[in-house]
Every structure is written in C-alpha cells, then in structure tokens.
2 protein chains.
Amino acid sequence: MDAIDKKILATLQEDASLSVAEIGQRVGLSSTPCWKRIQKLEADGVIQKRVALVDQVKIGLGITVFVSIETGDHSQEWLARFADTISAMPEVMEFYRMAGDVDYMLRVVVADMQSYDTFYKKLIAAAPLKNVTSRFAMEKIKSTTLLPIP
Amino acid sequence: MDAIDKKILATLQEDASLSVAEIGQRVGLSSTPCWKRIQKLEADGVIQKRVALVDQVKIGLGITVFVSIETGDHSQEWLARFADTISAMPEVMEFYRMAGDVDYMLRVVVADMQSYDTFYKKLIAAAPLKNVTSRFAMEKIKSTTLLPIP
DNA sequence: GGTGAAAATTTCGAAGG
DNA sequence: CCTTCGAAATTTTCACC
C-alpha cells in the first residue's frame, strides 16, 4: 500500500461512483493500472464493499440512541450468544465490546420513541443485563465513513 | 417512496456495485424504470452518495474510542464554534449533540494510543470542557451502514 | 509496474403503449 | 409508469513496453 493506493482509497471513500479513468487522472495513473490497483485492494479486503449511503431522516428514521450496557459476570458462551442476538437486530448500526466500566456500546437507529421502546424491550428480554443506559441524540453534527488514512 | 423504491434502497445499501439491470431484476423492473427511480432517489437526496467502505484495521487504524463530553454552560456562538472545530478533525467519525447529562458523543478512530493521546490533547485544547470520558473499544462486533427501512 | 487500444458491459435517452 | 431498442460511455481484457 503505497501513496497512490492511499490516494485511491481516499478518493473511493468519498465517491465510489467515479469512473476508473477519472480516479486514475486524480492520482496520476491511466485507467488500466488504476483499475488493477482497485482490483487488488478489493481482493485484499482493504476495500470491503461499495454501498449507497441513505439519508436516515428522509426514510423516517429520526431517532439515534447510544446505548451503554453492563452485562455483569457471564460465561464465554453466554457472551457469544448475547453478541449474536444483538448483532441480528437491524436497528443496531454499531455494536462494540468495550474496555472498562461499560461492557458494550451500541448505536441504535429507530423511527420514533415507540419504536425505541419496542427495541428496548427486545433488548432486555434477550438477556438479563445489569445496567442499560440509553442516551438520545438531539442533533447529528457529523457522520462519515471516510477514514483518515495514516 | 413505494415498496419498490424501498427494495432498491435496501439493495443499493448492501451493494452499490450492482448494475442497474441486475437491481431491476431483483426488484422486478426492467433497467430503464429502475434507472429512473435510482436517479430520482439521488436527486431527492434519499441516496446521499456512493462510497467504498475500507477496512479500518487493514489501513492501520486499530483503535476506536467513544468519547462523552460535558461542555458546561456556554453561549450559542461558543457551541457553534465548538461544533465546527470538532467536525473538522478527521479522526472524528461521528459527532452527535445529546439530550441529558452528556452533551456530546463522539466516535473517534486512530492508529494507536499515542495517536489517541495526540487527539485528546487537541480536543481539550480546542475548548475548555467540564468533563471528557474516553471509552475504548476492545472488539467491533457489528458495524453497518444498512439502515432498517421502515 | 506501466501504456494504449480493442472487446464486453453498462448507462442513459428516445420512441411508444 | 412501463417496455424495447440503440447510441454513448465505461469497464475490463489483452498484447506489448
């Protein structure tokens, strides 16, 4: 992964609808070598996929909630099952196991408060949890998929 | 936005590299009307952009941190300036203004602890903050851009 | 690794029900 | 609002440096 690959990644992270020729031009390459590099980045899994980003609010998903979970003590098996159950919920956009006092962090997206209540009930029904804290977002100031390539 | 548009959105959120004909087939449309619908979804801003998703770890960004900030009392102007400053930081992937005890939530991505320390210093230098709590992710269990279309 | 051009696909618009 | 058809553009492959 040299400097050109990084430029290609930076470009594709901002706009994946550009033609290979256009990207090549921006990074100083003709289309074939640029195309080969993109293929390799995809084969290597550096580029995971290409997706369309959809406006959350325009499709009626007005509420974003950050959920902190303390599970208490449980077996490996229990935790694996817990992870699978939560992962399967489509409202869960992000789900991390954490270091420190909070065991898990979720970012959850739902249409309205009633939907959140439904989700919350599903969550606490899925597993006995020691503590669940829901923090509601009032305003999305920034949200990006563009990683700062080191 | 009818059921077909929703299917198109669901499809493109999973894989935006599909041809219009392929998408049309999946939603039961020939390519021209499918193409027109996609154009309209883009024009209406329902589809915001198409991007490549890159593997964070493979490009050397191994650390994800959730940061909770309490700002204390400040003027509108101060808060606007604060929002602009934080938004401009490339390590900040998500940045929300919250309801309740925490004023802001950030998801920050950096290469290593030293980079996080640098980021943290930048953050607290940018504005006097009442409280900043950093929670470190140990494991990414789920991360998706696929919104659950209601 | 790179170039340039040909072959295969895809996009996009016109004509029409 | 959909279908079919075709020109234009793009992606992908290939021979060669």
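Throughout, protein chains are lettered first and strands after them, A, B, ... in sequence-line order, and every chain is numbered starting at 1. All heavy atoms count here, side chains included; hydrogens, waters and symmetry mates do not. Remember, it's a predicted structure, so these values are computed and weren't measured experimentally.
Looking at B:Lys58, its side chain does come within 3.5 Å of a backbone N or O of A:Asp44 through a donor-acceptor pair.
Checking B:Gln56 against B:Thr64 by side-chain atom types alone, a donor-acceptor pair falls below 3.5 Å. For A:Ser87 and A:Asp84, the side-chain atoms include no donor-acceptor pair closer than 3.5 Å.
Taking atom CD on B:Glu22 and atom C1' on C:dA8, their separation rounds to 17 Å, with Å as the unit. C:dG1 atom P lies 12 Å from atom CG of A:Leu41, rounded to whole Å. D:dT12 atom P lies 18 Å from atom NZ of A:Lys40, rounded to whole Å. Remark: C1' of C:dT10 and CD of B:Gln39 are 13 Å apart, rounded to the nearest angstrom. Atom CD1 of A:Ile38 is separated from atom P of D:dT12 by 9 Å (rounded to the nearest Å). The CG-P distance, from A:Asp15 to D:dT10, rounds to 13 Å in whole Å. Between B:Ile8 atom CD1 and D:dC1 atom P the separation is 12 Å, expressed in whole Å. The distance from atom CE of B:Met1 to atom C1' of D:dC1 is 18 Å, rounded to the nearest whole Å.
With salt bridges taken as basic N to acidic carboxylate O contacts below 4.0 Å, one links B:Arg26 and B:Glu22.
Nearest to the side-chain atoms of A:Pro33 among the listed nucleotides D:dT11, D:dT12, C:dT3 stands C:dT3. When distances are taken from the side chain of A:Arg37 to each of C:dC12, C:dG1, D:dC1, the shortest belongs to C:dG1. Checked against C:dT11, C:dG2, D:dC2, the side chain of B:Lys36 finds its nearest nucleotide in D:dC2.
Note on B:Trp35: a side-chain N or O is less than 4.0 Å away from OP1 or OP2 of C:dC12. Applying the 4.0 Å criterion to OP1 and OP2 of C:dT3, one finds that A:Ser30 has a side-chain N or O inside that range.
Between B:Leu29 and A:Leu18, the residue anchored closer to the 5' end of DNA chain D is B:Leu29, taking for each the nucleotide with the nearest heavy atom.
Other residues, nucleotides and ligands place no more than 12 heavy atoms under 6.0 Å from the NZ atom of A:Lys40.
Side-chain to base pairing of B:Thr32 with D:dT4: one donor and one acceptor N or O lie within less than 3.5 Å of each other.
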